[in-house]
Amino acid sequence: MNLIEELRWRGMVQDMMPGTEEQLQKEMTTGYVGFDPTADSLHIGNLVPIMLLKHLQRAGHKPLALVGGATGMVGDPSFKAEERKMLDEETLQHNQRCIKAQLEKYLDFDPAKPNAAEMVNNYDWFKNISFLHFIRDVGKHITVNYMMAKDSVKKRIEGDNGMSFTEFSYQLIQGYDYYHLYNEKNCRLQMGGSDQWGNIVTGTEMIRRKGGGEAFAFTCPLVKKADGTKFGKSEKGNIWLDASKTTPYEFYQFWLRCTDEDAEQWIKTFTFLDQNEISSIIAEHNLDKGKYTLQKRLAQEVTAFIHGQQELELAMMTTDFLFGKLSLDALKSLSDVDVKKVMAGVQQATITKAELAAGIDVLTFMTNTQIFPSKGEARKMLQNGGLSINTEKVTAQELVVDSSFLWNDKYILVAKGKKNYVLVTAE
RNA sequence: GGGCAGGUUCCAGAGUGGCCAAAUGGGGCGGACUGUAAAUCCGCUGUCUUUCGACUUCAUAGGUUCGAAUCCUAUCCUGCCCA
């Protein structure tokens, strides 16, 4: 199966330039995707481009990961409602380094291989281009009419917030990236989310007009939840690939909690399982949906890919203790070292033993441990029936928490809502 | 530079002197039901606080008034049209 066929059944092809498939059949092709250095870690929204590069490499082609040091300074306006905040250069550089380090974990950069992945940063070629030079040599080839006709731009022009020249020029910058890579790295393919189509086409157009060359591209549909809401956010915000921002347990939970509908699509998009295997998993899932066969497999595959097998196993174990058959009693029977390990992914809090010995009321307990920022909020949660300690629902705000709540002599397990656990350690 | 229309709580969007912490919808959070799903229903949703109440909000700074998101002045920002 060729790359495009593979991506097609996975539902990962939206738009494609004519001839792309033929080009990929013909020879080993270098293709690239850009990553914005908007934060110091990638998040699961970036997982799609990573998967694209991965598939490209598996199909024998050469992936280029472009970190947008230059484009990040400008900000992509495509389909956005308003201009985003500018990051200072120091932050951008820090972000670029972090992202680079992450990408290295997911692609094969072994230089011995002919299709080894490579990393490039567009800041490297933009830093030496002057403004005059750019508008003369690059801007000359693309008309404003052409640029304004893009849907991605129209939205902003017709919107309420306008669009700065800086943002408007974004597509030229991204377009020039492609032109540059076409010349320097013999890059013939650009991939990206469907929101990038406009920018990508500007690139191929530039290659055609400026150099008379031919370059290809395809885009992947943007991942959304079945209910149309944004993908990749949880209550706590973004789901990051960096374990110190989103623990492997939380990461695993994110995938486990998705709906049946989403899981069916996502297992195609975010795992490398083949078509047969996926259909049999779905079939099995449908026999007893309560077993979470589909979500579990999805969560396992993705967590293992991002965090590795060991972290996955710990995350699964944590899940078993908190939600599964293993109860609090089982957790209590673990050694201290094991408790720490198993609970590592769960939100942590501390309290002093002295405070507990004296006994404190629940609300103060919740604020002192910083589980809640204020008593008012803790009270609200309690009144809503959303608060429990050691798996027992707290019903009275007069409840006094003292040393008798400790298990293994140092832990208290607090839950806010059904899904959010906090392990309190007494010191 | 000129004319016009605007800037309201997470978002959309009401409110044009007291009844406004501010309608309604969405989103978020919590609960019931379930499968840690979906749908549905219920509660909460400025901050702090034991229902009382206190404090800070309606672009910013001043002013009028017993009292202002609402009126006045200046400033900043945005859109549209004209130059």
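So that the names make sense, note that chain A is the first sequence line, chain B the second, and so on, each numbered from 1.
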When you check the side-chain N and O atoms of A/Arg257 and A/Gln295, is any donor under 3.5 Å from an acceptor? no

RNA chain B nearest-nucleotide lookup for A/His285 and A/Asn384: closer to the 5′ end is A/Asn384

In whole Å, what separates the P atom of B/U64 from that of B/U70? 15 Å

Exactly one candidate in A/Thr71, A/Asn122, A/Asn199 meets side-chain hydrogen bond (donor to acceptor under 3.5 Å, both in side chains) with A/Asp177; the answer is A/Asn122

Proximity to the side chain of A/Asp260 - top-ranked nucleotide from B/A32, B/G35, B/U50: B/G35

Nearest of B/G31, B/U36, B/C29 to any side-chain atom of A/Lys393? B/G31

Name the closest nucleotide to the A/Lys418 side chain, picking from B/G35, B/U50, B/G31. B/G31

Counting distance alone, no hydrogens or angles: does the base of B/U50 have a donor or acceptor under 3.5 Å from a partner atom on the side chain of A/Glu398? no

Taking any strand in view, what nucleotide pairs with B/U24 in a Watson-Crick or G-U wobble way, both distances under 3.5 Å? B/A12

Hey, which sits more toward the 5' end of RNA chain B by its nearest nucleotide, A/Gly290 or A/Gly376? A/Gly290

Given B/U36, B/U49, B/U45, the nucleotide with the shortest approach to the side chain of A/Tyr292: B/U36

Among B/U49, B/G30, B/U34, the nucleotide that comes nearest once only the side chain of A/Lys375 is considered: B/U49

Nearest to side-chain heavy atoms of A/Gln253, which nucleotide of B/U36, B/G35, B/U50: B/U36

Closest nucleotide among B/A38, B/U34, B/U36 to the A/Thr259 side chain: B/A38

Compare the minimum distances between each of B/C29, B/U36, B/C44 and the side chain of A/Lys380, then state the nucleotide with the smallest one. B/C44

If the test is side-chain hydrogen bond (donor to acceptor under 3.5 Å, both in side chains), which one of A/Tyr182, A/Tyr32, A/Tyr178 qualifies with A/Gln190? A/Tyr32

Partners of A/Glu301 by side chain to side chain donor-acceptor pair (under 3.5 Å), sequence neighbours excluded? A/Arg297

